[in-house]
Structures are given as C-alpha cells and as structure tokens.
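Data block below; observations after.
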Amino acid sequence: MCGIVGYIGEGQAAPIILDGLAKLEYRGYDSAGIAVYDGEQIRIKKSVGRLKILVELTHNGEMLPGNLGIGHTRWATHGAPTDVNSHPHYNAKETIAVVHNGIIENYIKLRNKMESKGYKFVSDTDTEVLAHLLDYYYKGNPLEAITKVMHRVEGSYALGVVFAEHPDRIFAVRKASPLIVGQNSEGCFIASDVPAILKYTRTVYFMENQEVACLQKNKLTFYSADEEVLHKEPVTIEWDAQAAEKGGYEHYMLKEMYEQPKVLEETLRKCISHGDIRIDELKMSESDFRSINKIYIVACGSSYHAGVTGKYVIENIARVSVEVDLASEFRYRNPIIDDKSLVIVISQSGETADSLAAMADMRAKGIKVTGIVNVVGSSIARDADYIMYTWAGPEIAVATTKAYSAQLMALYLFAMKLGKAKGTIDSEVFSGMLEDLKLLPQQVEFLLSNRSKIQKFANRYIGAKSIFFIGRGIDYAISLEGSLKLKEISYIHSEAYAAGELKHGTISLIEEGTLVACVATQEHLYKKTISNMVEVKARGAFVLAVTNEGNYDMEKEADYVIYIPKTNPYFANTLAIIPLQLFGYYVAVGKGCDVDKPRNLAKSVTVE
Ligand code: AGP
C-alpha cells in the first residue's frame with residue numbers, strides 16, 4: 001500500500017515527512033516523493049526507487065525549506081514505477097499538490113472528461129486526475145473544491161492536499177483507505193498509519209469515510225462531505241513503535257490474515273460492475289476468451305496451490321481443460337502446447353525465477369502468457385502478454401495469506417468470465433455466483449473472529465512430529481496450502497494427500513494420535529472422504545474435520561470439527577483456508593518460531 005505523511009507546524013516539514021515515510025517503508029513501495037511550500041511556491045521532489053534516494057536528493061529535506069508539506073511512498077497500481085508516476089502530483093499551474101493512497105475506479109472516464117476540457121496529463125496514474133479535478137473546481141475555496149471532487153470520484157482514497165494560495169493549511173480526505181491525523185503542541189500531522197507520527201505524538205484522530213480534515217499550525221477542523229463541521233474525539237495510542245507497524249497485531253502474518261476480507265472486497269469492487277465481471281487490464285476480448293481451448297497454469301509454492309484450485313474451478317465452470325505445473329518442472333519438461341493454449345503464470349512477487357523462466361520459454365515459442373501478479377511493474381507483470389493484478393497490497397510475511405486469497409478470487413473471476421464467454425454458465429447461474437462471491441469477505445471475517453478456539457486446538461500440537469492434510473477435489477487443493485502454511489512456519493513435517501490416495505502407502509505412517517486434518521466441503525464427495533477418515537481413525541489418527549455449516553453428521557466421525565459458512569462449492573477454498581492458516585500460525589507461535597521470517601525462506605525466490 002502507499003504511504004502518506006503530512007505536516008504543518010513550527011518545525012521544518014521536510015525532515016519530519018521523510019522520517020515519517022521511513023516508518024512506513026514496511027508497507028512496501030517502489031517510489032517516493034515530497035511537496036513543501038517554501039513561502040512562495042509548492043516545490044516537489046520525487047523519484048523512483050528507495051526512500052534513501054529522495055533523502056539524498058533533498059539532503060534530508062534541507063533543500064526544501066518550509067513549515068508545510070506532504071510526502072508519499074508509492075505502491076504502484078496504475079502506471080509502472082517511474083519518476084513521473086511518483087506522487088505528489090501537481091495541477092498544471094503547480095498551485096495544487098496531491099498525494100493519494102487507494103484506487104480511483106472511474107479515473108479513465110474522469111481523465112477523458114478533463115482532457116476534453118484541455119487538461120494535459122503527464123503521468124499514467126489514476127491520481128493525477130485528482131490534481132486536475134481540484135484545479136477545475138477550485139475558485140478560491142479549497143474545501144468547496146475538495147468536496148466537489150469527492151462527489152465525482154468513485155473508488156478508494158486517502159488524500160493529502162496542499163494549495164499554494166492557502167499555505168497555512170493542509171487538507172486530508174478519507175474514503176476506504178486509512179488516514180489518521182495527529183496533533184502536538186507544535187503542529188499537526190497526517191499519516192496513513194500510526195508508526196509515521198508516533199515519534200511526535202500519541203494523540204491521533206482516526207478519520208472515517210467521507211471525512212475531510214483541515215490542519216492548521218494549532219487548529220484542527222473536521223468536515224463531512226457536505227462541509228458540515230464535525231466533532232471528533234482524539235485517541236491516545238498506547239502501542240510501541242514496533243507493534244504500531246503491525247497495526248497492533250503480534251506478527252505481520254496475523255495482520256495480513258485479517259486484511260483478507262478487505263482484499264477480497266477491494267478485488268470484487270474493482271472487478272465487478274453492473275452485474276458483470278470487468279478485468280480491464282487483462283485486455284482479452286470475448287472472442288479471445290472463446291478461442292481458448294486449453295490452459296496451463298504454471299507457478300510455485302502457494303501460487304501453485306492456487307493454480308490447483310484454479311484447475312478444478314475453471315474445468316467445472318468453463319469446461320476448458322487445465323493442466324497445472326510446478327514452474328521448476330514445467331520449464332524443463334518440453335511441454336506439448338499449441339498456439340490455442342493459454343499459459344497462466346501465477347506469482348505474488350512477480351519475480352520468482354522458475355516462474356519467470358517458464359514464462360520466457362513459452363513466449364519464445366509464441367505462446368501467449370497471462371500473469372496473475374500482485375506486484376505492479378514486477379518482471380512477470382512487465383513481460384506477460386496479458387496481466388491480471390491481485391489487489392492484496394504488499395505482503396510482508398514470508399508465508400503468504402492475503403495474496404493467496406486474492407489469487408483464488410482472481411481465478412474464480414477468470415473462470416466465470418471464461419464460462420460466460422464459452423456459454424457454459426447461463427446468466428442466472430452467473431448472477432448467483434456473483435452473489436456468492438460478494439458474501440465471501442464477511443464470511444472470512446466471521447471465520448477469523450473465532451481464532452481463539454483454533455489457537456486452543458493448535459496448542460495441543462506444538463509437539464507434533466508429523467501432521468497430514470487430506471481432501472478430495474477442491475478439498476485436496478486446499479489441503480496442499482494448509483500443509484505448506486503449517487510446515488513453512490512451524491517446521492513440523494506435514495504432507496497433503498488426495499484422500500483417496502492415502503491407502504496407497506502413506507497410511508502406513510499414521511500412528512496413535514497422529515493428527516489428520518480432513519477437509520470436506522464438497523457435498524458430492526462427503527461419503528468418500530468420510531470413508532478415508534474412518535481408515536485413518538482405525539489406525540489411531542486424531543481427525544480434525546473442516547466442513548460446511550450444517551453437516552453435523554461429521555461429528556460422528558471426526559474427533560474435532562471446524563465449520564465454515566455455506567458458499568458455492570467452487571469458492572469453498574477461500575473459507576476453508578482460514579482455519580488452516582490460523583492453525584499453522586498458532587502452532588508456530590506456540591513453538592516460538594519466527595513466524596514472519598521463517599528459517600531458510602525468502603519472500604521471493606529469485607534464484608533457481
Ligand atoms: C508461500 O507461503 C511461500 N512463501 C512460497 O511457497 C511462495 O508461494 C512461492 O515462493 C511462490 O512465490 P510467488 O507467488 O511470489 O511466485
């Protein structure tokens with residue numbers, strides 16, 4: 001996510017802003033910039049790359065004297081990471097500067113409108129449209145201009161805005177993207193998150209959606225989108241700096257698990273409009289979709305597991321054959337692929353060496369490659385023929401959670417769009433599926449809320465030697481991910497098995513008390529899966545079942561049951577993974593492991 005910091009007060013703004021941006025580096029970014037009013041004009045310095053480049057460029061802010069300013073670290077969503085795409089953005093007269101965190105969904109329409117009025121754009125960002133809109137509506141009253149823009153912009157935004165004609169104030173605006181305001185005896189601050197200003201003040205105001213804040217040296221005023229003055233109570237932050245970076249969570253992994261509802265919501269908000277699925281950046285026409293007769297999904301680790309789910313979902317919804325390969329195998333197996341095939345490379349980082357190499361091999365053979373990637377401007381995103389971004393924001397914990405969930409959502413949307421183009425699902429089924437998708441965020445939220453029950457259960461297994469995860473079909477796909485989550489952060493050996501395959505050897509490993517987690521969300525496979533439960537129980541296993549709400553017969557067979565809310569069976573992995581993520585997390589915490597940075601692992605495996 002992008003980071004915003006602003007300051008107005010007795011002190012020099014630039015050093016405070018740069019220091020605050022440094023505290024937000026954990027959020028991930030690819031460029032940084034700062035705007036300061038120097039007594040005559042707003043001066044902007046910005047650059048792609050690490051924050052230290054900006055610090056050097058401005059001699060730690062000394063080259064930008066002034067008591068009022070805004071700064072930004074950019075996590076690219078629209079427009080690759082470049083100097084010109086970095087924030088802040090100016091209007092043409094350079095009398096208004098704006099920084100933004102979020103996504104302006106109707107920016108193309110607004111940009112066309114502003115260009116038709118003679119406005120010239122210099123960047124590829126959605127944010128720049130805000131600078132020109134503010135210019136268009138500004139007739140001397142900044143608040144009026146801001147509220148007019150708020151009524152015309154769709155999407156999510158946290159904004160910092162400065163007006164050269166009003167150098168005694170900063171404006172902050174919030175809709176969906178978090179933004180806080182801080183105050184101390186010497187001035188006022190805006191920030192995307194608490195860590196940025198904790199050094200200067202523990203007195204903060206959490207802005208609500210559609211609120212505007214006007215910050216003056218020693219005065220704070222809050223307004224509604226209708227310019228009514230609002231009264232807000234300050235909050236005193238008790239956290240220490242390190243806890244603040246994790247939003248009060250003990251680990252980034254837990255924080256990112258809890259961001260999953262919002263990530264799913266953002267993805268749906270971005271891709272569903274007027275009852276249809278829009279994946280603009282995919283740039284694939286309906287006939288492109290119709291011409292696909294075979295799909296190869298290529299990935300590593302959890303992205304591979306998402307691909308296994310994708311196989312079941314795409315084949316069942318769109319009736320197109322899907323093969324899923326580990327990238328490290330695919331790149332050397334000389335696959336037989338014709339030009340009617342589509343290769344989908346899934347990668348959170350967009351930098352995984354094996355996935356990159358597999359993609360390069362395919363493109364060299366003239367095969368079109370679609371990337372499903374979380375990092376805008378990453379190597380896979382740049383080199384793919386088509387791109388579908390996941391909107392998970394930067395993921396800090398090595399063990400992926402929210403990015404994986406975003407990949408599943410992307411695959412559901414892709415499968416439904418493909419099925420609609422192929423005519424394998426009618427409009428009624430399509431609409432029903434959209435409704436099911438829209439319920440997923442709150443269902444995930446519900447599952448996360450009963451984490452203490454899972455923590456208690458997990459504590460019983462911190463000494464386990466080996467834990468198995470089994471399932472059939474889509475439930476096998478999620479068993480793969482549940483097993484990886486556990487072993488990569490708790491260092492306990494674990495295997496995922498197709499439930500029907502266990503008796504072909506591995507069942508010999510089941511001993512008295514061995515935990516077998518059995519995922520059973522696919523009603524048509526319940527009976528088969530239960531027979532596999534009985535097999536392992538007969539050999540002494542303790543069976544944890546993850547199954548659908550209402551399937552209470554499971555309590556006759558399993559020793560411990562976790563229920564997930566009912567959803568479309570194709571989307572069940574999004575819910576079943578939540579208790580499995582929490583289980584792996586709490587086993588690792590119970591063992592005192594370094595959850596966010598597990599031994600031997602890197603967030604992005606950029607070597608073979
Ligand atoms: C998942 O928790 C691991 N961090 C790892 O398996 C990861 O999914 C894999 O390395 C692929 O990374 P990518 O999605 O960035 O390509």
Side-chain angles (χ1 to χ4, degrees), residues 28 75 251-257 259-260 263 297-310 324-331 343-360 369-384 387-411 469 477-492 494-496 573 577-578 580-585 587-588 593-608:
W75 170 266
H251 298 102
Y252 283 115
M253 184 177 173
L254 190 61
K255 175 170 177 270
E256 287 155 6
M257 276 192 250
E259 287 174 354
Q260 290 178 120
V263 165
I297 297 178
V298 180
C300 304
S302 293
S303 297
Y304 168 76
H305 298 156
V308 176
T309 300
V324 193
D325 275 83
L326 290 168
S328 52
E329 288 296 307
F330 185 80
R331 63 185 290 201
V343 174
I344 298 178
V345 174
I346 305 175
S347 175
Q348 183 284 127
S349 64
E351 301 298 345
T352 299
D354 285 320
S355 306
L356 263 171
M359 180 169 81
V369 176
T370 292
I372 295 184
V373 179
N374 193 45
V375 179
V376 175
S378 57
S379 304
I380 291 176
R382 279 200 311 275
D383 295 352
I387 186 74
M388 181 173 184
Y389 283 117
T390 51
W391 303 96
E395 193 173 60
I396 310 298
V398 165
T400 183
T401 49
K402 62 174 185 172
Y404 166 80
S405 293
Q407 289 168 349
L408 292 185
M409 182 60 84
L411 289 161
F469 293 75
I478 206 62
S479 299
L480 289 166
E481 180 58 12
S483 173
L484 177 62
K485 283 286 92 49
L486 172 78
K487 57 188 159 187
E488 69 175 326
I489 59 176
S490 73
Y491 316 145
I492 291 177
S494 174
E495 281 185 72
N573 276 187
I577 191 57
I578 301 303
L580 301 185
Q581 288 172 345
L582 289 168
F583 175 72
Y585 172 77
V587 170
C593 295
D594 183 350
V595 170
D596 286 331
K597 295 190 183 64
R599 69 187 183 199
N600 310 335
L601 295 179
K603 183 60 186 169
S604 173
V605 183
T606 55
V607 293
E608 271 208 51

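All ligand and atom numbering here is 1-based and tracks the order in the structure.
- A side-chain donor-acceptor contact under 3.5 Å links S303 and Q407.
- Put simply, the side chain of I344 reaches to within 4.5 Å of the side chain of I372, judged on heavy atoms.
- Close contacts of ligand 1 with S303, meaning ligand atoms under 4.0 Å from a residue heavy atom, involve 8 (O), 13 (P), 14 (O).
- Annotation: side chain of S355 is in contact with side chain of I380 (closest heavy-atom distance under 4.5 Å).
- Here the protein heavy atom with the shortest distance to atom 4 (N) of ligand 1 is V398 O, 2.8 Å.
- Geometrically, ligand 1 and I346 share no nitrogen or oxygen pair separated by less than 3.5 Å.
- Summary of contacts: the protein heavy atom closest to atom 6 (O) of ligand 1 is G301 CA, 3.2 Å.
- For the ligand labelled ligand 1, residue L484 lies inside the 4.0 Å heavy-atom shell.
- Under a 4.0 Å criterion applied to the non-hydrogen atoms of A399, ligand 1 contributes the atoms 2 (O).
- Residue-ligand proximity, K485 to ligand 1, at heavy-atom distances under 4.0 Å covers atoms 1 (C), 2 (O).
- In terms of polar-atom proximity, S355 is not counted as a contact of ligand 1, lacking any N or O under 3.5 Å from an N or O of the ligand.
- Nearest protein neighbour of atom 10 (O) of ligand 1, counting heavy atoms only, is V605 CG2, 3.9 Å.
- Formation of a donor-acceptor pair under 3.5 Å by the N374 side chain with backbone atoms of G350 is not found in this model.
- Between T309 and L411, the closest side-chain pair of non-hydrogen atoms is not below 4.5 Å.
- Applying the salt bridge (Lys or Arg N to Asp or Glu O under 4.0 Å) rule to pairs touching residues 392-409 yields E259-K402, E395-K603, sequence neighbours excluded.
- For the pair S302/K485, a side-chain contact is recorded, criterion being any heavy-atom separation below 4.5 Å from C-beta on.
- Looking at every heavy atom in both residues, S604 comes nearest to T352 through OG-N, 4.3 Å.
- Those atoms of ligand 1 with a heavy atom of S347 less than 4.0 angstrom away are 13 (P), 14 (O), 15 (O), 16 (O).
- Side chains of L580 and E481 form no contact here, defined as non-hydrogen atoms less than 4.5 Å apart.
- Of all protein heavy atoms, the one lying nearest to atom 9 (C) of ligand 1 is C300 O, 3.8 Å.
- In summary, the side chains of E351 and S379 do present a donor paired with an acceptor at a separation below 3.5 Å, with no hydrogens or angles considered.
- Remark: ligand 1 atoms within the under-4.0 Å shell around heavy atoms of S302 are 1 (C), 2 (O), 6 (O), 8 (O).
- Here the closest non-hydrogen pair linking A306 and Y404 is N-CE1, 3.8 Å.
- Checking only distances, Q348 does come within under 3.5 Å of ligand 1, N or O to N or O.
- Of all the heavy atoms of T352, the ones lying under 4.0 Å from any atom of ligand 1 belong exclusively to the side chain.
- Residue contacts with ligand 1: S604 is excluded, as none of its non-hydrogen atoms falls under 4.0 Å.
- Of the N or O atoms in Q407, none lie within a sub-3.5 Å distance of an N or O in ligand 1.
- Nearest to atom 2 (O) of ligand 1 by heavy atom, out of Q581, E351, E488, is E488.
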